[in-house]
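Shown next, in structure tokens, is the structure this report addresses.
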Amino acid sequence: MRMTTLGRRGLHATVRTLWRESRSVILVPATALLCSIVPVVGTGLRESRPLMEGETGLLRSLASLPEGFDWASTLFAWMFSGIGCTIIMVALAYVAYRHSRSLRRTVRNVVVSAGPTAYVTGIKRLVDRPRPVTSIDSSLLSADPSFPSGHTAGAVMVATMGVLMTRRAKRRIRRSAVMLGVLLVAAVAFSRLVLGLHFPTDVIVSALVCPAISYALWHVFLDVGRRRRR
């Protein structure tokens, strides 16, 4: 009985070690599969008229929210536009470098954080889902397609950079960074709905897929670093 228990513990320890040292072997194919499914989902959403009507009805119902929601949403629209995100990321990268004094680590964190936005940009062009009718005549409407949400992807990018910058901080600070990041992404995603510029499925897909891509990229960098040190 004791030998069986020791054997199980040894097996569990081996599995944990393999998972810790080779996560990218599992995460990269899984994330690649997820990324290949997204355009299929986007095409289905684009062609589904009943779903589009249901989502449009939800967007119209949000028009009755207090005016303060519009003001906050407009602020988020400017902050997390392409230019706004670039300014924020440059500022965060500068702070990260000043704190760590490691250019390699700073570049790694930027690549992990910003990588998903390149994917989102490509999927927008591939799926080419039209914007909802609630976006017509909006001064904040950009020329790119609707699916997935670029502003939500930008919020994920900023949130991920913040989490990576605090990775070596105390546990309380790390948890706070994660919670603030989640709240930021949720707020920006909701703001896109308040403004009527995206369908709900646009922001949901960005909020789910972008962190998955960043997580996979992070572990690729970790695994490469471990192999170099051996």
Within the structure provided, determine whether L184 and F80 are in side-chain contact (heavy-atom separation under 4.5 Å). yes
Looking at R171, I want to see if its CZ is surrounded by more than 12 non-hydrogen atoms of other residues, nucleotides or ligands under 6.0 Å. no
Treating S146 as the side-chain partner and R131 as the backbone partner, does any N or O pair qualify as donor plus acceptor under 3.5 Å? no
Shortest non-hydrogen pair, H198 vs L193, comes out as O-CD2, 3.4 Å
Might you point out which heavy atoms bring C210 and V156 nearest each other, and give the distance in Å? CB-CG1, 3.7 Å
Checking F190 against L62 for the side chain to side chain contact (heavy atoms under 4.5 Å, CB included) test, could you report, in this order, the C-alpha distance in whole Å, the side-chain angles of both residues, the deciding distance, and whether it holds? CA-CA 10 Å; F190 185 67; L62 295 177; 4.2 Å; yes
T166 side chain to A169 backbone, donor-acceptor under 3.5 Å: no
Output the distance between atom CD1 (I123) and atom CG (D128), rounded to the nearest 0.5 Å. 12.0 Å
Spell out, as yes or no, whether a donor-acceptor pair under 3.5 Å connects the side chain of Y97 to the backbone of S102. no
Reported CG-to-CZ distance for the pair L58 and R60, which is rounded to 0.5 angstrom: 11.5 Å
With clusters defined by side-chain heavy atoms of hydrophobic residues (ILVMFWY) lying less than 4.5 Å apart, directly or transitively, does L208 cluster with V41? no
Taking all non-hydrogen atoms of both residues into account, name the closest pair between W78 and L140 and its distance. NE1-CD2, 3.7 Å
Is it true that a side-chain atom of S135 and a backbone atom of P132 form a donor plus acceptor pair closer than 3.5 Å? yes
Tell me, yes or no, whether the heavy-atom count around R167 atom CZ, taken from other residues, nucleotides or ligands under 6.0 Å, exceeds 12. yes
Interatomic spacing from OG1 in T160 to CG in L92 - rounded to 0.5 Å: 11.0 Å
The reported gap from OG in S48 to CD in E55 (rounded to nearest 0.5 angstrom) is 8.5 Å
D144 and R125 ion-paired at < 4.0 Å: no
Does the cation-pi check pass for R129 over F199, that is, NZ or CZ under 6.0 Å from the six-membered ring centre and within 45° of its axis? yes
Cluster link L45 to I37, ILVMFWY, side chain under 4.5 Å: yes
Relative to the ring of H219, is the ring of Y215 parallel (under 30°), tilted (30 to 60°) or perpendicular (over 60°)? perpendicular
Pair M161-M89, side chain to side chain contact (heavy atoms under 4.5 Å, CB included): steps then yes or no: CA-CA 8 Å; M161 188 66 180; M89 286 297 291; 4.0 Å; yes
If hydrophobic clusters are built by linking Ile, Leu, Val, Met, Phe, Trp and Tyr wherever their side-chain heavy atoms come under 4.5 Å apart, do L103 and F221 end up in the same one? yes
Of V38, V120, V185, the residue whose pairing with S206 passes side chain to side chain contact (heavy atoms under 4.5 Å, CB included): V120
Could you give the distance from NE2 (H151) to CG (L195), rounded to the nearest 0.5 Å? 8.5 Å
Just by distance, do the side chain of K124 and the backbone of F147 share a donor-acceptor pair under 3.5 Å? no
Around L33, counting heavy atoms of other residues, nucleotides and ligands shown, do more than 12 lie under 6.0 Å from its CG? yes
Do T31 side-chain atoms and V28 backbone N/O form a donor-acceptor pair below 3.5 Å? no
Please check if V205 and I213 belong to a single hydrophobic cluster, counting links between Ile, Leu, Val, Met, Phe, Trp and Tyr side chain heavy atoms closer than 4.5 Å. yes
Are L164 and S113 packed together at the side-chain level, in the sense that at least one heavy-atom pair is separated by less than 4.5 angstrom? yes
Under a single-linkage definition using a 4.5 Å side-chain heavy-atom cutoff for Ile, Leu, Val, Met, Phe, Trp and Tyr, are V110 and M157 assigned to the same hydrophobic cluster? yes
Supply the atom-to-atom distance L197 CG to T134 OG1, rounded to the nearest 0.5 angstrom. 7.0 Å
Donor-acceptor under 3.5 Å (S214 side chain, P211 main chain): no
Residues P200 and L59: closest non-hydrogen pair is CD-CD2, 4.3 Å
